[in-house]
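Let me begin by presenting the structure, written as structure tokens, before commenting on it.
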Amino acid sequence: MPINRRDFLLQGGLATAALAVSPPAFEAEPLPQLPLCGGAALRKVAFRTQVLPSGPPFNPLTLARFVDPLPIPPVLRSAGTRPSPEDPELALPYYCVEMRECLARLHRDLKPTRQWGYAGSVPGPTIETRSGQGLLVEWVNALPRKHLLPVDFNVHGAEANKPEVRTIAHVHGARVPPQGDGYPERWWTSGKSATFHYPNQQDAATLWYHDHAMGITRLNMFAGLFGFFIVRDEAEDALDLPRGEYDIPLVIYDRRLDREGQLYYLTSGDPRAPWVPEFYSNAIVCNGKLFPYLEVEPRRYRFRLLNAANGRSFHLTLSNGQDFQQIGSDGGLLPQPVTLQDVTLFPAERADLVIDFSAHAGEQIVLQQESQEVMQFRVRKDGGKDRAPLLQKLRPVPRIAEAEAVKTRLLTLGERDDYAGNSTMVLLNGTHWDKPVTETPTLDTVEIWSLLNLTGDAHPIHLHLVRFQILDRRPFDVFAYNASKTLRYTGPAVPPPPQEAGWKDTVRTDPGMVTRIIVRFEGYPGRYVWHCHLLEHEDNEMMRPYDILTKR
Ligand code: C2O
Ligand code: CU
């Protein structure tokens with residue numbers, strides 16, 4: 001019987017009413033109300049019970065080498081524009097990134113590995129922008145409610161009364177107002193999102209985004225929550241650097257896998273307190289693959305290297321012993337290329353390299369971490385040549401004069417907590433996270449921070465918001481310092497090598513050394529953090545808030 005539109009609507013209405021009174025057949029865990037990417041349809045969030053890593057770790061060195069092509073993370077496309085929060089007249093590109101659980105093969109011969117990725121991939125898609133081009137990113141937590149990895153509820157900020165899965169995105173190296181910086185305590189849970197504004201008023205640089213949730217950053221990042229954020233600008237365009245398909249980001253990190261090919265995060269063995277002070281793994285992953293290969297033309301390439309490991313540093317060389325140029329560091333281009341045969345990256349550090357394959361047509365060259373293969377370059381017999389000479393000058397990095405500093409702060413790494421009996425804990429200046437703020441530089445002033453490393457390990461120290469310069473590293477008497485708080489140097493100050501003499505946002509502080517950095521606190525007033533980028537340390541309070549005060 002034909003029905004008219006009005007009848008159809010009525011019948012539809014009745015059917016809905018009938019459904020509403022019938023008992024639910026099956027009570028599934030309710031879907032969280034996702035704040036939607038640009039109003040898109042509600043997406044289903046996967047729920048499952050927690051699977052703890054099983055069995056002894058798998059030995060990745062048994063895998064075939066160089067059978068998977070190197071994945072290159074796609075550049076994220078914006079989903080239209082939205083008004084700027086500061087100036088509603090100004091439309092900014094709007095991006096939406098959902099953090100999702102995903103399955104991906106780390107190697108042809110492994111089962112897919114369950115991971116957590118931005119936009120469901122590890123690494124996440126690359127966000128690209130230009131200096132001065134602000135943008136908005138809505139970071140949506142579409143993750144399960146149970147963590148993929150064992151959470152330690154004793155760690156500050158990760159207590160059992162908090163949701164187990166919490167996220168907050170931070171763009172490492174970004175000059176961003178405090179409300180968009182990713183303050184670790186302002187996390188959100190599964191089904192929620194936050195939109196951050198990145199003004200990008202800064203020079204071209206290889207930045208990266210990653211999770212920063214209080215007390216579980218190490219787990220969220222080990223699960224896969226990181227990606228590149230690349231800022232370009234005219235000064236860089238004017239240089240004849242390899243670009244387009246010859247400009248490739250490489251993120252390197254270590255993972256441990258169980259026999260099922262699943263992520264295996266080391267625990268203390270005490271199920272009530274699984275936190276471990278440090279974690280190094282035996283499988284080195286590059287852009288999401290173990291031992292990938294990349295076909296290259298016999299010409300120059302630009303590779304933006306990032307160490308996204310929880311705790312491991314990488315000392316990288318090329319198997320044929322050839323040299324390469326480092327052209328940039330954390331905060332952008334160096335004043336001139338530095339010719340090197342090896343590069344060391346501590347967690348969160350970046351090195352922008354130019355590798356010239358033109359004399360190596362037909363060869364296979366392996367990027368190595370010490371004696372372990374990371375990836376292979378297969379140089380084609382022919383292909384595009386770039387005959388332009390490598391530039392001698394890149395971009396000036398004016399040294400900040402020590403005389404400009406209005407304050408020098410002596411800050412220790414390593415005073416241990418005694419009241420909780422937690423002898424493995426390392427603190428900044430002996431101060432817990434929740435103590436009142438002690439570092440309060442004034443906006444647009446220069447300070448010197450002298451970082452006294454009293455521990456036996458190197459710690460990569462990162463300051464949010466700012467870029468800085470390394471002044472020097474100088475050995476001192478740790479025993480004398482511990483006994484009487486007197487700083488006695490035992491050797492001369494060593495200035496940084498040229499590859500560390502550009503803009504940095506993360507600095508390696510060697511054991512038994514005072515590492516001095518000089519910082520101009522440019523950007524925005526407000527609350528930021530500084531911390532050790534060994535994630536197991538950072539999560540256990542080797543992190544402090546700091547305030548940038550307004551000039552008065
Ligand atoms: Cu790479 Cu506080 O961050
Ligand atoms: Cu540390």
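Note that the coordinates shown come from a computational prediction; the quantities given were computed from them, not determined experimentally. All values below were derived from every heavy atom in this structure, side-chain atoms included, with hydrogens, water molecules and symmetry-related copies excluded. Counting convention: from 1, in listed order, for ligands and their atoms alike.
The side-chain tip of Arg312 does not point at the ring of Tyr280 from less than 6.0 angstrom away and within 45° of straight on.
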Practice prompt. Decide yes or no on side-chain hydrogen bond (donor to acceptor under 3.5 Å, both in side chains) for Glu138 and Tyr95, but give the supporting numbers first.
Written response: CA-CA 6 Å; Glu138 180 170 6; Tyr95 295 78; over 6 Å; no
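Residue contact annotation: His533 places an N/O/S atom under 2.8 Å from atom 1 (Cu) of ligand 1.
Around the CZ atom of Phe479, the shell of radius 6.0 Å holds no more than 12 heavy atoms that belong to other residues, nucleotides or ligands.
Closest to the Cu ion (ligand 2) among the N, O or S atoms of His459 is ND1. The minimum distance between the Cu ion (ligand 2) and any N, O or S atom of His537 involves atom ND1.
Angle NE2(His531) to atom 2 (Cu) of ligand 1 to NE2(His464): 110° [nearest 10 degrees]. With atom 1 (Cu) of ligand 1 as the vertex, ND1 of His172 and NE2 of His210 span 130° to the nearest 10°.
For Phe196 and Trp188, the ring centers are positioned less than 6.0 Å apart.
When each of Leu487, Leu413, Leu411 is checked for a side-chain contact (heavy atoms from CB on, under 4.5 Å) with Leu452, only Leu487 meets the rule.
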